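I have placed the structure first, in the form of structure tokens, so that the comments after it can refer back to it.
These numbers come from a predicted model, not from an experiment. Note that ligands are numbered from 1 as they come in the structure, with each ligand's atoms numbered from 1 the same way. Position 1 is the first residue of the sequence; numbering continues from there.
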Amino acid sequence: MIKLGVNIDHVATIRQARRGREPDPVWAAGIAEMAGADGITVHLREDRRHIQDRDVRILRETVRTRLNLEMGATKEIVAIAVGLQPDMATLVPERRQEITTEGGLDVAGQVRKIRDAVRKLQKVGIAVSLFIDPVAEQVKAAAEAGAEFVEFHTGRYAEARGEAEVEHELGTLYEMAEMGVDLGLRINAGHGISYWNVAPLVRMAGLEEFNIGHSIISRAVLTGLAQAVGDMKKAIREAEQEQGVIG
Ligand code: PXP
């Protein structure tokens with residue numbers, strides 16, 4: 001069965017809009033797990049624009065499934081990951097020069113640097129995944145770098161318009177997943193996956209896990225809105241009654 005890793009970065013993005021305490025991504029992780037998430041994914045960015053050090057520290061304690069830390073292959077973040085010991089580290093591009101034309105990590109252009117980071121993480125027992133475009137040279141480079149997993153960037157597929165374009169992007173993902181499996185890599189997929197486009201992706205060879213964030217959090221905002229409005233109305237009514245404001 002293909003697993004679902006839920007990316008909760010957007011919960012932290014909403015919190016950071018006010019630099020306050022809510023919504024707490026730690027609570028979101030617990031709710032996602034209780035609803036059946038197989039893993040929790042967070043991206044600790046160098047600029048800490050959403051997820052904070054405090055979040056990853058607490059999540060390491062509270063996540064009961066698996067914690068997947070998305071991270072740039074920088075010295076600072078690799079050291080944090082080594083100390084934190086997430087179950088998996090997914091190396092993603094952090095800076096412009098690390099990004100290939102389509103958006104994944106340019107492993108082919110920096111095999112040695114990536115291999116060093118992979119080794120440091122693996123040495124302390126962290127499984128490593130590389131977030132790459134579905135491009136042959138990147139798949140080969142990921143195997144060369146010694147990663148156990150690749151996460152295929154599904155953004156181009158998600159953005160494809162028209163049947164021919166969609167089929168083309170899907171075909172590429174199918175082909176590259178097969179190549180990855182042949183090279184001994186384990187396969188994950190993520191970025192831009194939604195309720196509308198997820199179905200055909202389940203046919204990717206060897207696919208073990210989806211990492212999905214935006215679409216799930218977007219839906220949660222809408223499916224949770226009626227309850228949230230009702231709860232606030234109730235809070236106001238109760239305050240009025242308790243304080244004798246209405247007769
Ligand atoms: N996988 C990786 C490596 C990501 O960086 C992200 C977030 O951009 C996702 C998956 C989730 O993407 P989305 O939020 O579009 O579902």
With sequence neighbours excluded, tell me which residues meet side chain to side chain contact (heavy atoms under 4.5 Å, CB included) with Arg57.
Asp53, Arg54

Within 45° of the ring axis of Tyr174 and under 6.0 Å from its six-membered ring centre, is that where the NZ or CZ of Arg203 lies?
no

Sorted by chain and number, sequence neighbours left out, salt bridge (Lys or Arg N to Asp or Glu O under 4.0 Å) with Glu33 holds for none

Donor-acceptor pair, side chain of Thr154 and main chain of Ile193, under 3.5 angstrom
no

Contact table ligand 1 N or O to protein N or O, d under 3.5 Å:
from, atom 1, to, atom 2, distance (Å)
ligand 1, 1 (N), Glu70, OE2, 3.4
ligand 1, 1 (N), Glu151, OE2, 2.4
ligand 1, 5 (O), Glu70, OE1, 3.0
ligand 1, 8 (O), His191, ND1, 3.2
ligand 1, 14 (O), His214, N, 2.8
ligand 1, 15 (O), Gly192, N, 2.8
ligand 1, 16 (O), Gly213, N, 2.8
ligand 1, 16 (O), His214, N, 3.4

Run the ring-ring contact (aromatic ring centres under 6.0 Å, His included) test against His168 and tell me which residues pass, sequence neighbours left out.
none

Centroid-centroid under 6.0 Å between His10 and His214 rings
yes

